[in-house]
Amino acid sequence: MRDFFRGKFFMVLLFTAAFLLGFMLNMILDGGVTAPRDLIGTIASPFASFGTWIKNGVTDFFETFTEYSSLKKEKEQLIKRVTELETELAGTYNEKVETERLRALASVTETAPELKFIAADVVLSSADGLGSTFSVNKGTLDGIQLNSVAVAAGGLVGKVTAVGLNWATVTAITDPSMSVGATVKRSEATGVTEGDTALRANGCCKLSYLTAEASVVRGDLVFTSGLGGVFPSGIYIGTVSQIESEENGLAQNATIEVGADLTSLRRIYITDGAWNGE
Amino acid sequence: MRSRIIGYTLVFIVFLFFDTTFIPFKIAGVGTCFLLSATVCLGIFEKERFGALFGLFSGLFLDFAAAAVFGLNALAFMVIGFISGVFAQSRLSVSFFGALLLTGVSAALYAVLPAVMYSFFESQPVTDVLLYSALPKFALSVPPVVITFPLIRLLNRIFVRREERRNAW
């Protein structure tokens, strides 16, 4: 055993451990993409795309069977949904706001006409419970840059926090490291959405820095305010599901149900280059 | 040696696929981790060199997928693979319960230490991080040993027999 600890392999192991520690410290202190990460990402991205293609194929294949057996159940659900929709139709104001939301979603480019969107497939997603990140199969070769904005059919997803030649990592707005300038559509109250470990598990985030006087109610729609310079204004974030006043009574916080379904993202749209905040 | 490398590379690819892309089971957004128990079992059956190398590659690819502090999983898995091999040679008998025990201890460290670090760097409440990340991660890292242990034992036996036969010739 003593010989082993003096052996070449053990020395190589120690050397590798020291290297890894160095990269970790570099990332914690400076951030950014380290050379080994870029290398691993460039190699892994095509394989991850292939793996996702297989996964989607297998999922789609089995879905055809489960879909057939669950038709009856789906019919009942559809009837229930139609009833719900009829109830929703009665509220004309909400309908109007909803239309505005959909229009904003469909034309984020109108808010920032200089932005072009690139479709990217989600090939890997973090499953360690510490953060909410996704890896996509497009990178700097396709025009994606650090801080490029990512959206999906349901609304804002997040921003690019690491990018390589043919891959990029998107950190979702539910990640505790993320904060986004936000505004409540109905009352124009402004705040900042922040990721929260406990809320993240339910696909929610926190809307902080709302004044005590700000008018926020359940069901309010929240959009990006454009403040902060990373996210253009007018992108749908989510719906207010809960409001809490702080103990000192000077401010209030809200919980937002994020519009984009972050648990089952397949394709997202990333801006060609970062938004310059103008 | 070549067949061993090919065999374990295939095991690595399959488990990596299950840990990062297919993710058969999730609790609070945390997925199953087959690679941890595979690293432990490989360390036990194939000794510390294979364990450390398998752990290093597993950790590097998990680091890329998770995008936390790059290198943390690589370092942790490499050490786990190495220690499993050393323990199997000097302290533990090669048995399922030995693997279960080592996986349990590794999973506890693997789940709690990064969570505490994360809580410190991201200013998140420790209780939340432990409850929503460390606990599910621990719960989903230990059970896969039921699959990884027999699989790697089977592969190890096949490779050992093959080498014995070749040596006999």
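The chains referred to below are lettered A, B, ... by the order of the sequence lines, with proteins before strands, and numbering in each begins at 1.
The environment of Glu244(A) atom CD is sparse: at most 12 non-hydrogen atoms of other residues, nucleotides or ligands sit within 6.0 angstrom. More than 12 heavy-atom neighbours from other residues, nucleotides or ligands sit within 6.0 angstrom of CZ on Phe96(B). Counting non-hydrogen atoms of other residues, nucleotides and ligands closer than 6.0 Å to CZ of Phe57(B) gives a total of 12 or fewer.
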Contacts under 3.5 angstrom, residues 153-160 of chain B side chains, donor-acceptor by atom type, not counting sequence neighbours:
unit_1    : atom_1 : unit_2   : atom_2 : d
Asn156(B) : ND2    : Phe45(B) : O      : 3.4
Asn156(B) : ND2    : Glu46(B) : OE2    : 2.9

So Leu20(A) and Leu56(B), side chain to side chain contact (heavy atoms under 4.5 Å, CB included) or not? Walk me through it.
CA-CA 10 Å; Leu20(A) 289 170; Leu56(B) 176 67; 3.8 Å; yes
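Atom CG of residue Leu16(B) and atom CG of residue Leu124(A) lie 7.5 Å apart, to the nearest 0.5 angstrom.
Both the backbone and the side chain of Asp196(A) come within less than 4.5 Å of a heavy atom in chain B. The part of Val123(A) that comes within reach of chain B is its backbone (N, CA, C, O), which places non-hydrogen atoms under 4.5 angstrom from that chain.
Looking at every heavy atom in both residues, Leu13(A) comes nearest to Phe82(B) through CD2-CD1, 3.3 Å.
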